[in-house]
Protein chains: 2
Amino acid sequence: MPSDTDAAPRAQARAELLVVALEQFAVDGYHATSLQQIADRAGYAKSNVLYHFGSKEGLLNAALSAAVDDLAALVDTFPRRGAGVDPREFVERFVDYLFAHRLEVVLIVNQGQSLADVPVVDRAMAVIARLALEICSEDASIAEQLRFGVALAGAAYTLVAGRTILGGTLEPEDGDAEARTALVDILAELLAPAARPLG
Amino acid sequence: MPSDTDAAPRAQARAELLVVALEQFAVDGYHATSLQQIADRAGYAKSNVLYHFGSKEGLLNAALSAAVDDLAALVDTFPRRGAGVDPREFVERFVDYLFAHRLEVVLIVNQGQSLADVPVVDRAMAVIARLALEICSEDASIAEQLRFGVALAGAAYTLVAGRTILGGTLEPEDGDAEARTALVDILAELLAPAARPLG
DNA sequence: ACAGGGGCTGACCGATCGGTCAACTAGCGT
DNA sequence: ACGCTAGTTGACCGATCGGTCAGCCCCTGT
């Protein structure tokens, strides 16, 4: 038969499964999502998921590794502490990263600690810890740490879960341009060590 | 035999189970936590958990209902929009609430959307939505919504998960006094509509 | 002394989990 | 026409899940 009624003409099953799995993992939670659900929603058999990814953990790894790689590369570009570089440019790139990988970020931020034994998640946590150390260097007052945590988790959360609470949609492209600008302002305000009143 | 080697002399099993379940739900996730784990960690049989709470969902409800009630009562005290009341006093009470119920807050914020069908969680989400509407009233620019989301989720996250990322402990009483002051400053800065540069 | 009942438990249940395996299908080089 | 291989599937597995149930222990009222 000619593949006519098929939703995707002949797209890679791997890619389709990755999209479905990532969204399901991020929204419903990794442990609350079964391979059967992912397979059903993508229109394949459960066996096929395990054929492509070996295991449920392999599927999670495949769904996150690219985003973790990008984050590691982004952290490498963090401006050195010595130079009084305006961190706004870095913040903009960071926010762009959040928008590009919102599902992966929400997954790691929300479920990271319960998935710490998964290698890719552990790698992600290590990268985040490195970023935290670079932002609030060795002085690391509690206020500094709090500002970093509030900024990271708050930004990640509002990109997905916050919209559902406030009744918004979850799809991109809604008011992302305006949201991006506003989020850059908020994060720059939270992270910039210079423009702070320093109580 | 005299109850000598017993860890707790004759404390209510209900209360012990609630403590263990709440921590396990918040840290590992609701779906990733089995009744067997909770029972084992508390030193009881799994049947006893179901005897006291009827079901796993009943256990979650019992673990969260008090915190949700307190949050609803707190939101009721939110100062009216008309009066130009300094919101700092409310923020202080809000931060105190976060510290008092940190595990419950983290559970709801992190797993709320995947537990939306549970009545107590749905009630909690409704209360949070009400607070959001009161803070950023009908004008509700995207920037306002983002500030609220960043503040709530960021504060909740840093109270538990953020500490683990930065290598801190999870127990209270560490530097809570300093953290409380710093968090009040950050939230007041994020939520106060007056003291904002209004770019 | 003796019923009675709340607290608690182990044995057990059906359902579902992640994972394995043999078999089937389609395309492709020869 | 012939294998060969990659992609896909349903049947099946042991383990574990949340939940039920009969019964045991022990305290208490009478």
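Letters A, B, ... mirror the listed sequences (proteins, then strands); counts begin at 1.
Here B:Asn48 does not reach the OP1 or OP2 of C:dG7: none of its side-chain N or O atoms lies under 4.0 Å away.
Every residue meeting the salt bridge (charged side-chain N to carboxylate O under 4.0 Å, His left out) condition with B:Arg93, not counting sequence neighbours, appears here in chain and number order: B:Glu89. Taking B:Phe25 as the reference, B:Tyr30 meet the ring pair (Phe, Tyr, Trp, His ring centres under 6.0 Å) condition, with sequence neighbours excluded. For the salt bridge (charged side-chain N to carboxylate O under 4.0 Å, His left out) test, no residue two or more places apart in sequence or in another chain qualifies with B:Asp40. In this view, A:Asp28 and A:Gln24 satisfy the side chain to side chain donor-acceptor pair (under 3.5 Å) rule, not counting sequence neighbours.
At whole-Å resolution of the value, CD in B:Gln37 and C1' in D:dC17 are 11 Å apart. In this structure, A:Arg14 places its CZ atom 10 Å from P of D:dG7, rounding to the nearest Å.
With rounding to the nearest 0.5 Å, the separation of CG in A:Leu64 from CG in A:Leu115 is 8.5 Å. A:Tyr44 OH to A:Ile38 CD1: the interatomic distance, rounded to the nearest 0.5 Å, is 14.0 Å.
Ring pair B:Tyr97/B:His101 is tilted by interplanar angle, where 30° to 60° counts as tilted.
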Could you run down the sub-3.5 Å N/O contacts of the protein with nucleotides 4-6 of chain D?
none

Protein proximity profile, nucleotides 18-25 of chain C - base contact B, sugar-phosphate-only contact S, no contact -, cut-off 4.0 Å on heavy atoms: BBB-----

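Hydrophobic clustering, with ILVMFWY side chains joined whenever heavy atoms are under 4.5 angstrom apart, keeps A:Val19 apart from A:Val49.
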